[in-house]
Novice: 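Attaching a single structure in structure tokens format; questions to follow.
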Amino acid sequence: MRKNHLLALFVALVLIFPLACAHKKPALEVPQAVTPKEKAPAKEAAIPEQVVKAPEEGKVAKVEGEQLSEEELAKQKQMAKERSFKQEIRQFEGEDIYFDFDKYNIRPDAASVLEKKAQWLKVHPNVRVLIEGHCDEWGSEEYNLALGERRANSAKEFLVNLGVDPSQISIISYGEEKPAVVPPAYCKDVQKIMHSHGIRPNHEVPSVYLGPNITLCMVDACQKAWAKNRRCHFVVIQY
Amino acid sequence: MKRAFLLGLLILLLPTLCWGIVYIDIEAPGHKTLPIAVAPFMGNPVLGTKARQILKSDLEYTGFFNVLKEDTFLGEKPSAEVDFKRWQLIGAYLLIKGRVEKSGNRFQLDLRLYDVNKGLELLAKRYTGAENALRYAVHRFMDNLMQVLSGEPSVFQTMIAFVYKTKRGKEIYITDFDGYRPRSLTQFHNICLSPKWSPLGDKLLFTSYKRGNPDVYLLDIKKGIAKRIIHYPGLNIGATWSPDAKRIAVTLSIKGRQGIYLVNNKGRIERCLVRSSGINVSPTWSPDGKKLAFVSDRSGCPQIYILDLTTNKISRLTYEGNYNVSPAWSPKGDYIVYAGIKDGHFQLFMIRSDGSVIKQLTDGDSDCQSPSWSPDARFIVFSRDKRLFVLRLCDGKVFPLLKTLPGEQSQPNWSPWLK
């Protein structure tokens, strides 16, 4: 296997080498001296003198009413600033944090996301944010409402511990009511298989357990959907 | 095999679950049904057929009667006199005779219940009303009949509230005990959850996100008015009236800590009952109002606990399984039904309130959740894979509640006796 790789590399090099050389060739060539065809005239003719001035520093053209354009400029600047702030908000809202099944502790991957968010919130103390706690569809509705609330609360506490003003953060739980991803219909069957073998939603499913209509790919898709629903979502409600 | 075992369990349980009446020998092993004949009704044939059909399906709903087939009947001259011999011969123990007359759009319904062997009239009732109330007259007679035979009315004048998923959210619906006429009580176009009846059956508590936060609303069914009554920052869920209707137990998350609080009917906090850094949810009252069962994750996974309101002591009730939720205390006080994951599926279990006996009530490949007792404790309504079903405890039979309503249904709650 390894030998084959080396051979291929060698062949490739052999093929590339002449090409690379051919490319470089003109640089190595020595320019030939040009032999004048005619003898130079004995006296040089007078050349009319030309005065050359460096071009003046260019000015931006002003179109009617200098005052207004400056205002507009400020406006444009403001708008650009707002645009980039809105971009920041989108970025802030776009990143969810995820949890393990039936858990509300902050995972290391979530912690690094929260650190970024805390930094941003501290720079923008006027921003108020709503943390939504969500759950997957496993479990009872009421318990999941409580669990979603614990998740949102964990996220809030984490941000406050990083120095974010608690008054900037409010929380809400939606339990399993607003999934980010609606799992495919076959996930009901996948859930049944996992249930009947006592496998938790985030654990691996041995392929021997799968029926004729369920593949590991399908299991994977369901687990991904569920995992995406065990989350906290962040919404900027005021800025 | 498993099913047979379950049936065996239920049979052993029969004496405690089924009614102690003179008409059924509760000491006899096995589930016995009483043979009953419903004679063809006299009077208006259209209304008569209708009323008789409703009566027969009500009798079958109970699981205590063997409604005799009409082709075994020997026939009887339509007269006021009852020829008990002719009914005795076909094996009937009980007999119901009826007459319904129609004038305009009103009916008059006479129903009589007889003990065939003793030749005795046990019950005679006359009902009048508008035609669309005919089925409710029959239901009322059925509760009278159950009162006479078992000493207690059954579920014939009760309703079931539930959550119904619509295109624009989840709304609160109610239906008759038999699944007749499901109708919406809210049109919030939002998420509405966990309906709970008031002890008098005139109001419902539920949680809705109508104004953004999960707040508790009080719905007056007759007036058709919903009012937001518990709306603290954070969670306001699982609100349940105390049996005396004076207080409400509810899960709130005040200052970042989740707890079960006692609030008055206006939503003012009276005291905190349970509080911890974890999850405390789904309170259910003992019928004497002295205890509260609830779900907590203090052991690391959801389990059911009981709080003694007089001593403030909390004790753990469930130890089997690692996901036990949705407790509902029996109106008789002896058992708590709950949903727990076993062999990977949500099943219903019944545990004595002292934790001494656990019985598995459901089996199979589907998830059974959100159980709620009928007021006579003979039935449990629950959701199975997002559809509602009724479990009849005397013989373990499970039947669908809403046969014609398509779509997702969940969180059923059985009303108290409605008068």
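Heavy atoms only: backbone and side chains are in, while hydrogens, waters and symmetry mates are out. Below, chain A is the first sequence line, B the second, and so on; all start at residue 1.
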Novice: With a 4.5 angstrom heavy-atom cut-off, which part of A/Tyr104 approaches chain B: side chain, backbone, both or neither?
Specialist: side chain
Novice: I'd like to know which of B/Leu193, B/Leu235, B/Val325, B/Val163 tops the heavy-atom pair count under 4.5 Å against chain A.
Specialist: B/Leu235
Novice: Around atom CD of A/Glu115, are there more than 12 heavy atoms of other residues, nucleotides or ligands at under 6.0 Å?
Specialist: yes
Novice: Hey, could you give me the CG/CD1 distance between A/Asp102 and B/Ile279, rounded to the nearest 0.5 Å?
Specialist: 6.5 Å
Novice: Between the main-chain N or O of B/Ser194 and the side-chain N or O of A/Glu141, is there a donor-acceptor pair closer than 3.5 Å?
Specialist: no
Novice: With a 4.5 Å heavy-atom cut-off, do A/Trp138 and B/Ile341 have their side chains touching?
Specialist: no
Novice: How about A/Tyr239: does its OH atom have over 12 heavy atoms from other parts shown lying under 6.0 Å from it?
Specialist: no
Novice: Does any backbone or side-chain atom of A/Lys156 lie under 4.5 Å from a heavy atom of chain B? Answer side chain, backbone, both or neither.
Specialist: neither
Novice: Around atom NZ of B/Lys291, are there more than 12 heavy atoms of other residues, nucleotides or ligands at under 6.0 Å?
Specialist: no
Novice: Between B/Asn280 and chain A, which part of the residue has a heavy atom less than 4.5 Å away: side chain, backbone, both or neither?
Specialist: neither
Novice: NZ of B/Lys255 to CG of A/Asn153: how many Å apart, nearest 0.5 Å?
Specialist: 14.0 Å
Novice: For the CZ atom of A/Arg150 and the CG atom of B/Asp297, what is their distance to the nearest 0.5 Å?
Specialist: 9.0 Å
Novice: With a sphere of 6.0 Å drawn around CD of A/Glu93, does it hold more than 12 non-hydrogen atoms of other residues, nucleotides or ligands?
Specialist: yes
Novice: Given heavy-atom pairs under 4.5 angstrom as the criterion, report whether the side chain, backbone, both or neither of B/Gln369 touches chain A.
Specialist: side chain
Novice: Check the angle between the aromatic planes of A/Tyr143 and B/Tyr323 and answer parallel, tilted or perpendicular using the 30° and 60° thresholds.
Specialist: perpendicular
Novice: Take atom NZ in A/Lys122; do more than 12 heavy atoms of anything else shown fall under 6.0 Å from it?
Specialist: yes
Novice: Examine whether an atom of B/Ser253 lies under 4.5 Å from a heavy atom of chain A, and if so say whether it belongs to the side chain, the backbone or both; otherwise answer neither.
Specialist: both
Novice: Looking only at heavy atoms and a cut-off of under 4.5 Å, which of A/Gly139, A/Pro166, A/Gly148 has the most pairs with chain B?
Specialist: A/Gly139
Novice: Which bit of B/Lys165 is near chain A, if near means a heavy-atom gap under 4.5 Å: side chain, backbone, both or neither?
Specialist: neither
Novice: Does any backbone or side-chain atom of A/Ile193 lie under 4.5 Å from a heavy atom of chain B? Answer side chain, backbone, both or neither.
Specialist: neither
Novice: At a heavy-atom separation under 4.5 Å, does B/Ile191 approach chain A through its side chain, its backbone, both, or neither?
Specialist: side chain
Novice: Should A/Leu145 and B/Val281 count as side-chain neighbours, where that means a heavy-atom distance under 4.5 Å?
Specialist: no
Novice: Is it true that the side chains of B/Ser282 and A/Glu142 contain a donor and an acceptor less than 3.5 Å apart?
Specialist: yes
Novice: Taking atom CZ of A/Arg107 as the centre, report whether more than 12 heavy atoms of other residues, nucleotides or ligands fall under 6.0 Å from it.
Specialist: yes
Novice: At a 4.5 Å cut-off on heavy atoms, which part of A/Asp189 comes close to chain B: side chain, backbone, both, or neither?
Specialist: neither
Novice: Which region of B/Ser277, side chain (C-beta onward) or backbone (N, CA, C, O), has a non-hydrogen atom less than 4.5 Å from a non-hydrogen atom of chain A, or is it both or neither?
Specialist: backbone
Novice: Could you measure the distance from the CD atom of B/Gln411 to the OG atom of A/Ser140? Nearest 0.5 Å is fine.
Specialist: 8.0 Å
Novice: Please indicate whether B/Arg316 has more than 12 foreign heavy atoms, meaning atoms of other residues, nucleotides or ligands, lying under 6.0 Å from its CZ.
Specialist: yes
Novice: Among B/Gly300, B/Gly278, B/Cys301, single out the residue with the greatest number of heavy-atom pairs under 4.5 Å to chain A.
Specialist: B/Gly278
Novice: Highest number of heavy-atom pairs under 4.5 Å with chain A: which of B/Pro214, B/Pro302, B/Gly238?
Specialist: B/Pro302
